[in-house]
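Data first, discussion second: the structure below is written as structure tokens.
The figures that follow rest on heavy atoms only: side chains count, while hydrogens, waters and symmetry mates do not.
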Amino acid sequence: MPPSRHPRAPLTSHGSLKGLLASKEIVICCGPGGVGKTTIAASIATMAALREKGKVLVLTIDPARRLADALGLSSGLGSSEHKVPASAFSSAGAAPRGELWAAMLDTKESWDALVRRHSPNERIASQILSNKLYQSISGQFVQSHDYIAMEKLFEIHADGKYDLIVVDTPPSRHALDFLEAPKRMADFFSSRLLRWLTVPYRSRLVGMASRPFYQIADKVLGTQFLEDIVEFFTLFQSMYSGFVDRARSVNGLLHDERTTFVVVSTLETVPLHEAQFFASALQDRGFGLGAVVLNKVLPYYLRDPAAARTAEAMAADPANLADRLAQCIEATHVTAEREALSRVITEVAESFRNFQVLAEREMGQESAMTTTAEVVAIAPSLDTDVYSLDGLLALGEHILA
């Protein structure tokens with residue numbers, strides 16, 4: 001594990017997400033799918049570059065064009081890090097103290113680089129890369145999205161180019177997959193299955209019971225396919241020590257005090273329950289849970305007692321309010337239909353009360369998360385998706401408030 005480039009005293013209470021960011025080198029945004037992790041990660045990184053000196057990188061797995069556009073990267077995001085141009089900030093009326101960089105995870109390219117790094121020599125690396133089975137499955141091999149995201153993080157952090165790295169974790173069928181990916185990788189290379197597969201199948205002492213299997217496999221899959229499998233796993237076995245050592249180092253970085261996790265969720269029932277489970281699992285496994293960001297939260301004015309009383313008054317006597325409102329409208333020489341106004345007032349009042357019920361329900365769900373993390377930040381529900389740097393900055397202001 002490389003030493004910290006910028007030693008910082010660990011904080012027992014950050015009080016805000018801003019304080020948390022100032023004390024860490026890696027922020028991993030995680031949580032259920034479909035809750036806005038990518039946008040939140042980009043917003044956090046953007047605000048860090050705006051307020052802090054140094055270089056900030058956001059590493060994402062989202063190929064969406066709108067994110068590249070939001071960051072002012074006309075050429076799009078790629079596996080290489082790209083600096084967000086100063087013009088993008090100036091167009092948004094902002095002057096960053098630091099630099100913002102962005103990159104998108106390319107699973108295939110990252111796996112190829114990993115093979116070249118851990119192969120005993122160039123000949124074996126070339127054999128693996130040209131193996132048909134490797135070419136077919138390198139995008140899915142051993143939960144590769146999960147592992148390669150953490151591997152890429154380790155590589156970038158070890159280079160020491162960035163003061164803060166914000167990671168948008170890959171979509172996962174299970175929230176803990178990417179946390180357990182380094183251990184699964186090490187376990188795979190140590191498994192009896194891999195050792196069994198690396199014995200060339202034609203030289204095995206095949207018993208009477210297993211011989212029919214190989215005869216059928218030869219007919220169905222073809223001899224060449226079985227040979228590709230054997231070659232693939234035999235060559236991979238040659239990288240055992242490199243992969244296992246690296247996987248352990250990656251796991252160590254995830255547990256390091258310089259790394260913190262930010263769980264992102266909405267206040268909808270299903271994602272919130274998943275986020276609560278995930279936050280607890282992080283703590284149980286010794287990972288640093290720094291903050292919870294609740295996204296798409298209804299505005300607080302819906303909980304305002306004065307606003308609630310106004311809605312009740314509107315609903316209680318819409319006809320009287322319609323008469324008074326019609327007089328105001330007609331003073332501008334525009335004809336107002338009192339019956340239509342009464343219907344509109346009734347609908348507005350009823351809609352407000354319905355949203356108020358949802359907001360109160362969210363308040364109860366929000367309080368359930370406040371005991372989970374040291375910092376709980378709120379991102380409001382927006383009318384549109386974030387598609388510009390202005391939007392990322394505006395969202396970030398709410399999160400860091």
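No side-chain heavy atom of L50 sits less than 4.5 Å from a side-chain heavy atom of R97. Counting only heavy atoms from C-beta outward, the side chains of R116 and L129 approach each other to under 4.5 Å. When side chains are defined from C-beta on, L395 counts as touching P380, because their heavy atoms get closer than 4.5 Å. The side-chain heavy atoms of L341 and I329, taken from C-beta on, include a pair separated by under 4.5 Å. Contact of the E52 side chain with the L164 side chain is not registered, since no non-hydrogen atoms from C-beta on lie closer than 4.5 Å. At least one side-chain heavy atom of V35 sits under 4.5 Å from a side-chain heavy atom of V264. A heavy-atom distance below 4.5 Å is found between the side chains of T169 and I28. Using a 4.5 Å heavy-atom cutoff, the side chains of C29 and V167 are not in contact.
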### Query
Going through the checks in order, is the side-chain contact (heavy atoms from CB on, under 4.5 Å) test met by I399 and M47?
CA-CA 9 Å; I399 299 172; M47 290 303 295; over 6 Å; no
### Task
Show your working on side-chain contact (heavy atoms from CB on, under 4.5 Å) between F287 and H255 and close with a plain yes or no.
CA-CA 5 Å; F287 295 101; H255 283 87; 3.3 Å; yes
#### Entry: Trace of the salt bridge (charged side-chain N to carboxylate O under 4.0 Å, His left out) decision for R309 with E312
CA-CA 5 Å; R309 289 193 295 270; E312 291 293 339; over 6 Å; no
#### Entry: salt bridge (charged side-chain N to carboxylate O under 4.0 Å, His left out) assessment of R117 paired with E151
CA-CA 12 Å; R117 182 182 304 118; E151 162 68 32; 3.0 Å; yes
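Panel note: side chain S119, backbone I124; no donor-acceptor pair is recorded below 3.5 Å. When atom types are taken as modelled, the side chain of S265 and the backbone of A275 share no donor-acceptor pair closer than 3.5 angstrom. When atom types are taken as modelled, the side chain of T46 and the backbone of A42 share a donor-acceptor pair closer than 3.5 angstrom. S342 places no side-chain N or O within donor-acceptor distance of the main-chain N or O of R338, the cut-off being under 3.5 Å. Side-chain atoms of S43 come within 3.5 Å of backbone atoms of L392 as a donor-acceptor pair (strictly under, hydrogens ignored). Between the side chain of K37 and the main chain of P32, a donor-acceptor pair closer than 3.5 Å is present. Counting only distance, with no hydrogens or angles, the side chain of S351 and the backbone of V348 share no donor-acceptor pair below 3.5 Å.
For residues 339-349, the salt bridge (charged side-chain N to carboxylate O under 4.0 Å, His left out) pairs, not counting sequence neighbours, are E339-R343.
Shortest non-hydrogen contact noted between V56 and Y162 is C-CD2, 4.1 Å. Scanning all heavy atoms of the two residues, the minimum distance from C30 to F278 falls at SG-CE2, 2.9 Å. Of all heavy-atom pairs spanning L100 and A49, the tightest one is CB-CB, 3.8 Å. A pairwise comparison of heavy atoms in V293 and A379 identifies CG1-CB, 4.4 Å as the closest pair. Here the closest heavy-atom approach between residue D390 and residue S91 is recorded as OD2-O, 4.2 Å. The two residues A349 and A311 come nearest to each other via the heavy atoms CB-O, 3.5 Å.
Considering K152, K161, K55 in turn, K161 is the only one that fulfils the salt bridge (charged side-chain N to carboxylate O under 4.0 Å, His left out) rule with E81.
Atom-to-atom distance recorded for S249:OG and D256:CG is 11.5 Å, nearest 0.5 angstrom.
Remark: R51 engages E397 in a salt bridge, criterion side-chain N to carboxylate O under 4.0 Å.
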